[in-house]
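Data first, discussion second: the structure below is written as structure tokens.
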Amino acid sequence: MKRRRRPARRFDAVPWPGEWSEGAAAREDPLRRALIRLAAAVALLVTAAYLTWRVTSTLDGATAWLAVGLLAVELHAFVSLAVHAFDLWDLDAAPDPPAAISPDVRVAVLVPTYNEPREVLLPTVAAAVALEPAHETWVLDDGARPWVAALASRLGARYRARTRREHA
């Protein structure tokens, strides 16, 4: 008998300010999003202007070797800021819907085992059988233990034991 799984809660964006809403998460406020984007753009422009000044005005003389090292660190910080701003630019963008699995595709979940005790195998096999979408669950027993075969049968998994157990 298959149990119905409860759908996991999914929070796509953190509402601000406010509380967590039941079900779908609240969308980000457009004014807040515009202010955050403005702050990110200003930070990138100011940092670019600073780095331009650093390259044109501070890389001369006897301390150039020190200034080049510090400039490399500052360039790294600028790139990190740009990547961070790019990643967080649109938090409300919906991901592409998952592609439908073709009915021709067969999926198998393999649970290899050799010396694991019942306390380990029972939840592992039960969780593997409960996975979605539809699939076959195989318990691959290198120990050829009868109780593992009975456990797999009881939970709805297929069982396979090897006759030769080299490299178990």
Side-chain angles (χ1 to χ4, degrees), residues 1-30 32-33 36-37 39-41 43-44 47 69-168:
M1 177 169 85
K2 270 201 165 194
R3 287 189 217 156
R4 281 199 110 160
R5 288 180 27 173
R6 193 173 19 159
R9 284 188 177 176
R10 184 164 170 240
F11 299 103
D12 291 328
V14 177
W16 183 272
E19 301 292 324
W20 288 101
S21 60
E22 192 62 37
R27 308 288 285 168
E28 188 177 23
D29 179 42
R32 180 176 182 266
R33 181 182 329 141
I36 290 173
R37 287 180 178 178
L44 287 169
T47 305
L70 292 175
L71 177 65
V73 172
E74 291 168 339
L75 283 172
H76 179 270
F78 176 72
V79 170
S80 296
L81 174 64
V83 169
H84 187 70
F86 176 77
D87 281 346
L88 298 178
W89 194 255
D90 192 5
L91 291 177
D92 290 335
D96 294 335
I101 296 177
S102 167
D104 301 334
V105 175
R106 292 180 57 194
V107 177
V109 176
L110 308 178
V111 181
T113 176
Y114 178 63
N115 254 350
E116 289 82 11
R118 291 176 202 259
E119 300 83 39
V120 172
L121 278 180
L122 176 64
T124 302
V125 175
V129 169
L131 288 173
E132 291 180 8
H135 65 283
E136 293 178 345
T137 300
W138 285 84
V139 177
L140 309 175
D141 186 16
D142 277 341
R145 298 165 286 177
W147 68 267
V148 176
L151 174 72
S153 174
R154 190 178 77 210
L155 293 174
R158 296 183 181 207
Y159 176 81
R160 181 82 177 186
R162 291 198 313 172
T163 56
R164 297 173 35 177
R165 293 184 244 326
E166 293 98 17
H167 311 292

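Predicted, not measured: the structure shown is a model, and the values here were computed from it. In this chain, residues are counted from 1 in sequence order.
For the side-chain hydrogen bond (donor to acceptor under 3.5 Å, both in side chains) test, residues two or more places apart in sequence or in another chain that qualify with R33 are D92. Not counting sequence neighbours, the partners of R37 by the salt bridge (charged side-chain N to carboxylate O under 4.0 Å, His left out) test are D90. With sequence neighbours excluded, the residues that form a side-chain hydrogen bond (donor to acceptor under 3.5 Å, both in side chains) with T113 are E116, R145. Contacts of A150 classified as side chain to side chain contact (heavy atoms under 4.5 Å, CB included), with partners at least two apart in sequence or in another chain: none. In terms of the side chain to side chain contact (heavy atoms under 4.5 Å, CB included) criterion, A39 has no residue partners (sequence neighbours excluded). Remark: E136 pairs with R106, R158 by the salt bridge (charged side-chain N to carboxylate O under 4.0 Å, His left out) rule, at least two apart or across chains. By the side chain to side chain contact (heavy atoms under 4.5 Å, CB included) test, I36 pairs with E28, R32, sequence neighbours left out.
The side-chain hydrogen bond (donor to acceptor under 3.5 Å, both in side chains) analysis of residues 119-130, with sequence neighbours excluded, yields no pairs. Sorted by first then second residue, the salt bridge (Lys or Arg N to Asp or Glu O under 4.0 Å) pairs that include residues 75-85, not counting sequence neighbours, number zero. Residue pairs that meet the salt bridge (Lys or Arg N to Asp or Glu O under 4.0 Å) test with at least one member in residues 75-85, sequence neighbours left out, do not exist here.
One distance of note links CZ of R162 with CG of D142; it measures 4.0 Å at 0.5 Å rounding. For the atom pair OG1 of T137 and CG of L131, the computed distance is 6.5 Å after rounding to the nearest 0.5 Å. Atom NE2 in H135 sits 10.0 Å away from atom CG in L110 (nearest 0.5 Å).
Across every non-hydrogen atom of V125 and A157, the tightest pair is CG1-CB, 4.0 Å. For the pair A128 and V111, the tightest heavy-atom approach, listed with the atom from each and the gap, is CB-CG2, 4.0 Å. Summarising the geometry of A152 relative to V139, their closest heavy-atom pair is CB-CG2, 3.9 Å, with the distance given to 0.1 Å.
Proximity of L121 to V148: side-chain heavy atoms (C-beta onward) are separated by under 4.5 Å at one or more points. Using a 4.5 Å heavy-atom threshold, the side chains of W138 and V109 count as separate. The side-chain heavy atoms of R154 and L122, taken from C-beta on, include a pair separated by under 4.5 Å.
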Less than 3.5 Å apart, which donor and acceptor atoms pair up between the side chains of residues 73-89 and the rest of the protein, not counting sequence neighbours?
| residue | atom | partner | partner atom | Å |
| --- | --- | --- | --- | --- |
| E74 | OE1 | R54 | NE | 2.7 |
| E74 | OE1 | R54 | NH2 | 3.3 |
| E74 | OE2 | Y50 | OH | 2.8 |
| S80 | OG | H76 | O | 3.0 |

